[in-house]
Visitor: 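Quick one: structure below, then a few questions.
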2 protein chains.
Amino acid sequence: MPEERSRTPAGQRILAAAEELFYERGITAVGVDLIAEHSGLTKRTLYNQFGSKDHLVTAYLTERDQRWRTLVRDTVDACADPVEAVTAPFAALRTWGRTNTRGCAFVNALAELPDPAHPAHRVAADQKHWLLDLFRELATAAGCAHPAPLATRLLVLHEGALATQPLALDTLAESTDLARGLVRASLRTGGRDGTRR
Amino acid sequence: MPEERSRTPAGQRILAAAEELFYERGITAVGVDLIAEHSGLTKRTLYNQFGSKDHLVTAYLTERDQRWRTLVRDTVDACADPVEAVTAPFAALRTWGRTNTRGCAFVNALAELPDPAHPAHRVAADQKHWLLDLFRELATAAGCAHPAPLATRLLVLHEGALATQPLALDTLAESTDLARGLVRASLRTGGRDGTRR
DNA sequence: CCAGAATTACACTGATCTGTGAACCACCCA
DNA sequence: TGGGTGGTTCACAGATCAGTGTAATTCTGG
């Protein structure tokens with residue numbers, strides 16, 4: 001299994017086809033033959049590049065994770081106001097959701113791969129913790145005195161908006177608004193507003 | 001495919017085994033042979049009772065939906081205070097989550113069955129809309145003047161708590177608290193607090 | 001032009017999957 | 001006693017799946 005640095009153009013095309021198919025149709029429902037056909041490459045090349053379907057799945061999730069983190073980072077960095085930056089991941093979610101209407105790829109992946117030893121679990125868990133940490137950092141930078149509980153609540157709102165996305169209610173707008181309200185309240189009262197204990 | 005009224009004891013045992021296996025290991029990952037083996041019955045009986053795996057999957061989701069709705073209804077009915085009743089589904093989620101640690105079965109099912117024509121999609125969508133309607137009714141009963149946006153927000157919190165459940169942060173406590181705060185604020189200001197437009 | 005790497009073509013294995021056919025058996029009720 | 005229903009047994013069809021072996025071919029950099 002070659003590292004991503006040594007990934008061939010053919011390997012990239014295969015990975016691109018796998019990303020689309022895995023996300024749109026589900027991992028177990030998509031066979032390696034289908035991926036090869038969609039990429040215009042050969043199944044043999046797929047195995048030369050990725051070694052196994054499991055490794056391809058892991059590469060798919062890792063690649064997707066990187067793309068998503070880049071989008072979030074860029075959206076955050078584009079915010080001049082540090083208070084607005086705290087809710088920037090929700091703005092990123094609006095962009096992201098335009099082309100990703102089948103919910104969270106990592107939640108979906110965990111649904112299909114229940115084995116906790118599968119590398120997909122690490123990728124998924126890492127992603128959620130990365131976002132949680134990001135929320136905490138942003139809240140701290142915005143001047144919130146107690147960023148941890150705020151970050152947890154923002155994560156809940158974020159995942160809730162993602163999970164309800166296929167319902168076609170405008171839950172993203174509601175959760176974004178709610179998130180902004182939480183941040184404002186947290187700043188007004190030094191971060192103790194509405195928190196337990 | 002017999003109706004559920006005419007379901008045989010053997011059919012019920014098969015359905016019970018299917019529920020556990022489908023939820024714990026995923027739908028596509030579990031074959032009919034495994035279900036038959038776990039139930040102590042025969043694959044032939046499975047097909048005599050349910051006709052196909054798709055029908056069994058639909059029965060699984062329907063049965064699960066009914067169990068969950070019953071729990072939520074009972075928890076709501078046990079609340080004397082109509083204000084407390086609005087957040088009763090969150091209390092139900094605490095009970096539910098003790099034995100269901102693999103997230104929402106319907107979100108997981110949709111991840112594995114991307115075909116919108118599959119009956120599982122109707123069951124899943126109906127469930128979320130049922131909860132949304134329930135939130136709205138409870139908010140109205142509690143005296144909230146604008147229950148619709150509150151209901152949407154409570155749904156987001158509920159789904160967020162469900163989705164982040166596998167992360168083992170205590171997001172349920174946070175979302176419950178947040179939900180209570182939303183309800184209180186909504187009553188104080190006649191339901192216009194923090195809502196857009 | 002050449003060497004080595006990447007890719008192709010294609011046949012194949014072995015496992016697993018959903019679903020079926022048909023005979024047989026056990027129980028219950030009339 | 002005799003059906004009828006529900007369950008079993010077991011072999012099997014047909015499809016699909018992940019993954020491999022091998023030889024031929026194309027691409028690319030020196």
Side-chain angles (χ1 to χ4, degrees), chain A residues 1-22 24-61 109 111-115 117-120, chain B residues 1-22 24-61 109 111-115 117-120:
Chain A
M1 43 177 169
E3 299 300 318
E4 61 176 306
R5 292 299 113 208
S6 69
R7 192 161 288 148
T8 279
Q12 293 173 17
R13 287 177 58 191
I14 288 173
L15 184 55
E19 281 190 55
E20 186 184 336
L21 289 169
F22 281 155
E24 291 298 328
R25 309 194 196 180
I27 293 173
T28 28
V30 167
V32 287
D33 294 271
L34 186 66
I35 294 171
E37 185 190 339
H38 263 67
S39 66
L41 281 302
T42 313
K43 185 167 63 163
R44 204 67 190 80
T45 303
L46 188 155
Y47 276 96
N48 287 342
Q49 288 291 319
F50 296 94
S52 73
K53 188 184 178 180
D54 259 9
H55 287 130
L56 180 58
V57 168
T58 306
Y60 147 62
L61 291 172
E112 296 196 64
L113 311 167
D115 179 13
H118 196 287
Chain B
M1 43 177 170
E3 299 301 317
E4 60 175 308
R5 292 299 113 209
S6 69
R7 193 161 288 148
T8 280
Q12 292 173 16
R13 288 177 57 190
I14 288 172
L15 184 54
E19 281 190 57
E20 186 184 336
L21 289 169
F22 281 155
E24 290 298 328
R25 309 194 195 180
I27 293 173
T28 28
V30 168
V32 288
D33 294 272
L34 187 65
I35 295 170
E37 186 190 338
H38 263 68
S39 65
L41 281 304
T42 314
K43 184 169 65 163
R44 203 71 190 78
T45 303
L46 189 156
Y47 276 96
N48 286 343
Q49 288 291 318
F50 295 95
S52 74
K53 187 185 177 179
D54 258 9
H55 287 130
L56 180 58
V57 168
T58 306
Y60 148 63
L61 291 172
E112 296 196 65
L113 311 167
D115 178 14
H118 196 286

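Throughout, a chain's letter reflects where its sequence line sits, starting with A, and its residues are numbered from 1.
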Visitor: To the side chain of Val32(A), which of dA18(D), dT8(C), dT18(C) is closest?
Guide: dA18(D)

Visitor: Taking the minimum atom-to-atom distance to the side chain of Ser52(B), which one of dG19(C), dG6(D), dT9(D) wins?
Guide: dG19(C)

Visitor: What is the separation between atom CD1 on Ile27(B) and atom P on dT18(C), rounded to the nearest whole Å?
Guide: 12 Å

Visitor: To the nearest 0.5 Å, what is the distance between CD on Glu112(A) and CD on Glu112(B)?
Guide: 5.0 Å

Visitor: Rounding to an integer number of Å, can you tell me how far Arg25(B) CZ sits from dT16(C) P?
Guide: 14 Å

Visitor: Rounded to whole Å, how long is the line connecting atom NZ of Lys43(B) with atom P of dG19(C)?
Guide: 10 Å

Visitor: Could a donor-acceptor pair under 3.5 angstrom be found where the side chain of Lys53(B) meets the base of dG19(C)?
Guide: no

Visitor: To the closest 0.5 Å, what do you measure between CZ (Phe22(A)) and CD1 (Ile35(A))?
Guide: 3.5 Å

Visitor: Can you tell me if Thr45(B) touches the phosphate of dT8(D), counting only side-chain N or O atoms and a distance under 4.0 Å to OP1 or OP2?
Guide: yes

Visitor: In this structure, how many angstroms lie between the P atom of dC17(C) and the CG atom of Asp54(B), rounded?
Guide: 16 Å

Visitor: From OH of Tyr47(B) over to P of dG6(D), roughly how many Å is that when rounded to an integer?
Guide: 20 Å

Visitor: Calculate the interatomic distance between Asn48(B) atom CG and dA22(C) atom C1'; express it in whole Å.
Guide: 12 Å

Visitor: dT7(C), dG6(D), dG19(D): which one has an atom nearest the side-chain heavy atoms of Thr8(B)?
Guide: dG6(D)

Visitor: Classify the side chain of Arg44(A) versus the base of dG21(D) as yes if they form a donor-acceptor pair under 3.5 Å and no if they do not.
Guide: yes

Visitor: Quick one: pull up CD in Glu37(B) and NZ in Lys43(B) and give me the separation to the nearest 0.5 Å.
Guide: 12.0 Å

Visitor: Using atom CZ of Phe50(B) as one end and atom P of dT20(C) as the other, report the distance to the nearest whole Å.
Guide: 16 Å

Visitor: Please report the distance, rounded to the nearest Å, between CG in Asp33(B) and C1' in dA13(D).
Guide: 14 Å

Visitor: Rounded to the nearest 0.5 Å, what separates atom CD in Gln49(A) from atom NE2 in His55(A)?
Guide: 13.5 Å

Visitor: Would you sort out whether His118(A) and Thr58(A) count as a side-chain contact (heavy atoms from CB on, under 4.5 Å), showing the intermediate values?
Guide: CA-CA 9 Å; His118(A) 196 287; Thr58(A) 306; 4.1 Å; yes

